[in-house]
Structure formats: C-alpha cells, structure tokens
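Written out below as structure tokens is the structure these notes cover.
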Amino acid sequence: MAHLQLDGIGRRYGHFQAVDSVSIEAGPGEFLTLLGPSGCGKTTTLRIVAGLVEPSTGRVLLDGRDVTRLGAAQRGIGMVFQSLALFPHMTVAQNVAFGLRMRRVAAGEAAGRVRRMLEVVRLGHLAERYPSQLSGGQQQRVALARALVIEPSILILDEPFGALDRKLREAMQVELRRITRELGITSLFVTHDQEEALLLSDLIAVMNGGRIEQCGTPREVFERPATPFVADFMGVTNILEGRFVAGNEAGRIAAAGALLPAPPGCALPDGAPVRLGIRPERIALRPAAGPGPAEGALAGEVVEAIYHGSNSSYRIALPSGGTLTAVRPNGQEEGQEAPLFAVGQPVLAAWEAGAATLI
Amino acid sequence: MTVAAAGSLPGEAVPVAKGRPALAAALRHPAALLLLPACVAVAAGLLLPILYLLALSLNPPVTGEVALAGELTLRNYARLLDWFYFSVLLRTLWVSAVTTAISTVLGVAVAHSLWRTPPHRRGLLVVVVLAPLLVSIVARTFGWMLLLGDQGLVNAVLLRLGLVEAPLHLMFTQGAVIVGLVHVFLPFMVLSVLAAYDRIDPAIPEAAGTLGAGPFTVFRETILPLLNPGIAAGVTIVFSLAMSSYVTPALMGGSGAGVLTTLIYQQLVVTYDWHFAAALVAVLLASTLLLLGAVLYHNARRTRAWMTRPGSAPR
C-alpha cells in the first residue's frame, strides 16, 4: 500500500509527444484509472510507472521516494499485462511463485504464500495446471495472483480484460474490485472502457492526446465533465452551443433556435457563451402536435431509428442544422406501451433541467 | 519402402484400406493423393538406394563389384573395429558436435538481437545472416584460405604484430573444418531459433523483469526454455548437415582431419570397395539417427507438459 505520485511526466518519441506533463496522484489503497481512447498515452504512462519506459521529463514518486531512474525489477511493482504474459512453461503455482523465487523467499514460506494467494483468486485446485490448460478467466486470475503475491507497493493493470467476452469481463471486474478492496492495495488501471472505469475506480483520469483532460471521482467525471472530449467519452454525445439568458431564478439557454431550461445552480452573466451537454438516454421524445417549436423543447425530425431490443435509438435532425441522439426504453412504461417513432416523423425533444450539464 | 506408395495405388486401395484405418481415412480424403508424388520420389530417390547400400554392406567385399550377392557376412562391419576407422567415426561425431554447439550459441545470440530489432530493419539483417548460403562453397573456401592460409591475412597480422614468430598452421586442420561448417550452417540455426523467438510474447521478459528478475535471469528462466523447440530443430538440421557434409571437410580439412564422408568417398572412388563404403554409410546413418533421436526425445519429454495447444487439454 503506497502513495503514488506522477510529477510532470512526459515522453517523446522523435517528434511525437506520447505523454505530455502528466501529474496525478493516488493515495494509499486508492484505485486510479487512466481512461482514454487508444493512442492517448495511457499505456505509455502506465509503462513509465512500471519502469518499462523511461520518461523524457518528470518524476515518479512512490511514498515520496523518487523511483524514476530505477529499473522495473527494483520497483517492487505488481503488473498485469494486456496479454497476461504468463510463463507457458511453468505451472500455475510456478508462475505465481516466480516473483518470490526472485526475491529469494524461503521455499516453505513461498509455497504457503502461493497457496494463500491462489485461494484469494479461487484457483487453489488448479495449481499444477499449465497456462495453456486454463480458460481465459482462469489465466487472468493467475496473472493477478502472480502480481499480487510479491506484496507489491502498487498494482498496475494494462487493459487486462480486453480479450474476454462481455460476461466474463463483468465477472472479472467484480472479482478485481473485491480483491483490491480486500487487500487494500493501491492500484493503477488502464482502460478505454468508461463503464469499466466507473465500476472499478476511486479516481478516474481521462486522457487525450498525451494529456489529462480531467481527473476526479467517477461521479465528478460522469456528471460534470470538464471538457467536450470528456463529455463525449463519458457518453454525453449531444452538445449544443448557445448563450446564457438571465431571467427568472434558473435562467435559460438559447440554443438551436429554442429557449431551453438551464441546469440548476448556474450563475452566469447574460449572454455568456455556453455549451450544453445532454445524455441521449435523458432526452424524452413526444410526437410534435403542430408546426413550430414548443416551450422548452426542440422540434426536429427523426432521420434514423434503430431498434436495440430493450431500447431504441433515434437520430433527430434539428432545423438549426445539428442532430440529437436520443435513446428511449422500449416496452411497458408506467402501464403504457412506450411509443416507437418512425423515420420522417416530426418529434419534440425535451429534458428535465437537471439532466443537462454545462461543459 | 513401397508400403506407402503401393498402398496408395487405386487398384490396391480397397483391400489394403480395410485392414488399416489410417490409410482408409487418408483415401477418403482425395487431398491425401497429393502426397503420392512426394512418396514416390522419396521412395525412388532415397529409400531404395539406401536399402540397396545396406544390403550391399552385408555382402563380402569384392573390389569393383556393385551387384548384390547371396552371401551374407558382417566382415565389413568388423573392419570398423580397427582403431583407424573408429577414430574417424569419433572425429566425425566430435566435429559435428562442436559445430552444432558453436552454431547454437552463436545462433541464439544472433536470433536474440534480430528479435530485438524493429521489424522494418530486420529484413536486411536476415539477408546478411543468409549471405553465406548465397556464396558457392568453392568461393567460400577460397576466402577462408586467404584468411587462414600460412600466408593469409590472420598470419600476416599476427606476424606483423610480433605475436608469433612463425606462421600458425590454421588451414587444413580440424579447426578449419569446424570454422567452415559453422560459417555455412549458422543461418539454419538462426532461422530455426528466430522462429521460436517470434512465438514468444514480448511481454514475457517484461513480466519477469517486473517480478524482480535481472536480464540474465530473465533469459535463463523465461526465454531459453521457450526457445527449446527452435533449438531442437536447429540442432537437428545443423548436426545432420555436419555429419553428412563432404565438400567443406574435403577442401578445408587436411590429411589428419578426415571424416566419415571423405572416407566413404575414398572407398567408393579410390579403392573401389563399395561394400565397405556401404558399411560406413550405415554407420554414418545410424550414429546420426541415434544421437538426434536421443536429443529430440529428451527435448520432447521436457516440453511435452506445457506445449499443448490451447483448448486441447481436459477441463
């Protein structure tokens, strides 16, 4: 359990700035996730922490100690690789024992620790199998046990669940959450999957183009995205540019040719430019009664309707030129069949004031 | 020899297939017929002559006689107990083993650095590695003469530096044969080992590193065991090529560096004793197969446990 601090980390490859002045911190026992699309620098940052890549600038501190110039072998970090990198020629028990053997832990003690760790990841019965004889989820847990048995100062995970199918991935996420909480270990996790990040993390750092766009708790990042990129990445796919209109207590926002409710608690000068973000699933649709806009709603026309089973997604063209995406649940809703909308149908899109965020 | 070929003939197929499930299965798949030309070629070009020679080795030696006779004898093999012939066998094994050992060490080293080279620069390096195979053996040997001869480059440098007083006798020795063989067989080892390297997940040495292993330990504990199949393949190729190589020992070895193949050539062409030559061929074949069999068996035992294909093991 250690305190991890990155201080102005940068890494250049020729003319390409892979990581650019990244500064983040994870307190003891915290689970920090680097979230971003591929090529955003999250894996390079993680490899810098692991000691597999040297940063061009900045420092890595573990419990206040500068480890920037230490090799991977000296850092005492447990790492789970994207490909898992299990040793194919060793049994499960030998894989897990490897780190202890490198640390010259006495054989008897090592065997005990390996056995206990295999119990933690629920693989005790498969200790004598070889990795090729295990399923994907079992291999995953071997990799986790191998990283954890050395009692690392921090645990680093590089998209470890990418290769698993959806069901198994969800099970492994819950498992990882249980194990890291149980052991109270400081963890650094890399993923491009926002749901995974929200489920696992205490802190999420959203990365783009080598920089951190926003760092905060899952709720902060999800509910109050700081930049359009973060908003888009966290599923706020509808962004309207407009102006703040001061008036009665909450104020309104003029955007896309309509006056829309402003999110509560925003105090801006009249006429200030704003960006309004709305999640597709928070947009309510109803058939347009007649021509022209209605109060607090956007009029538009359905240009795409896709049936997903439990919900349907609609793309709505606005007269102002932009489009909105709305996702509506199908089936019974409050005892009434939810309406399905057809392509070409004029609709009104509206949402509660609190459902939108200013970005 | 003719079992495989004859069994595949359409006329005989049905009765033979009844008794042999594997053959029956092969015949149900017409693609198996594609193997027929290769089977015939191997049978006619390799198995038949070897069987003929083995039969010949059991006939009493008659100078100039190459037809099979009815009389069977072990006299040709008894001659091998003579220390001279036995020492040639030992020297052949020794030269081949040393060649294989040096090729393995150098081959792993070269393959390791090729593995570490970014793919876009690898192509040129592989061509460089293969270069010795592109040069004719005569030109190659002549090059070594220029280097290793009594008036060669190496001796000139040593004399000039005052390190030796008289030229060293480097050419036409057992050492020269080993140098020449390593030179030409190294590419086979490099390619075999490189194929094994390319099957190793680059994250494996990294994982070993994060677990506290230094570079040498990483190599010994995680890379070397995974190279086993490639090294075994390389050893098989290099050792059998070295055992059966003729031109390099003949051109680069002196009178005291004769090996089985040069001896066989002598018996065939100079003394015209085909029966004894046939016995020598049998010994060459048997010693190569025995040694390689032992090496491959040992290797298979060590890697069998983990070299199962994913999904093939019981759950």
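Note: hydrogens, waters and symmetry copies are ignored here, and every other heavy atom, side chains too, is used. These figures come from a predicted structure and were not determined experimentally. Each chain gets a letter, A, B and so on, in the order the sequences are listed, and its residues count up from 1.
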Do you know which two heavy atoms are closest between B:Ala213 and A:Ala73, and how far apart they sit?
O-CB, 3.9 Å
Begin from the C-alpha positions of A:Arg47 and B:Glu206 and carry the test side-chain contact (heavy atoms from CB on, under 4.5 Å) through to its verdict.
CA-CA 10 Å; A:Arg47 291 171 68 83; B:Glu206 289 182 348; 2.5 Å; yes
To the nearest 0.5 Å, atom CD1 of B:Ile200 lies from atom CZ of A:Phe87 at 11.5 Å
Locate the shortest heavy-atom distance separating B:Leu211 from A:Met102; write the atom from each residue and the value.
O-CB, 3.6 Å
Side-chain heavy-atom pair A:Phe98, B:Thr222 within 4.5 angstrom cut-off:
yes
Honestly, the part of A:Arg146 sitting under 4.5 Å from a heavy atom of chain B is both
Quick check on B:Ile204 against chain A: is it the side chain, the backbone, both or neither that has a heavy atom closer than 4.5 Å?
both
Pick one of side chain, backbone, both or neither for A:Ile77, based on which atoms fall under 4.5 Å of a heavy atom in chain B.
backbone
With a 4.5 angstrom heavy-atom cut-off, which part of B:Thr210 approaches chain A: side chain, backbone, both or neither?
both
Using heavy-atom distances under 4.5 Å, tell me whether A:Arg103 contacts chain B through its side chain, its backbone, both, or neither.
side chain
Interatomic distance, CZ@A:Arg101 vs CD@B:Glu221, rounded to 0.5 Å, equals 4.0 Å
Pairwise distance CE(A:Met90) to CH2(B:Trp306) - rounded to 0.5 angstrom:
10.5 Å
Which residue out of A:Gly78, A:Gly51, A:Gly99 racks up the most heavy-atom pairs below 4.5 Å with chain B?
A:Gly99
Sequence neighbours left out, what passes side-chain hydrogen bond (donor to acceptor under 3.5 Å, both in side chains) with A:Thr191? Give chain and number order.
A:Glu196
Check the surroundings of atom CZ in A:Arg178: do more than 12 heavy atoms from other residues, nucleotides or ligands lie under 6.0 Å from it?
yes
When rounded to the nearest 0.5 angstrom, what distance separates NE2 in A:His89 from CG in B:Leu226?
5.0 Å
Please state whether the side chain, the backbone, both or neither of A:Leu126 comes within less than 4.5 Å of a heavy atom of chain B.
neither
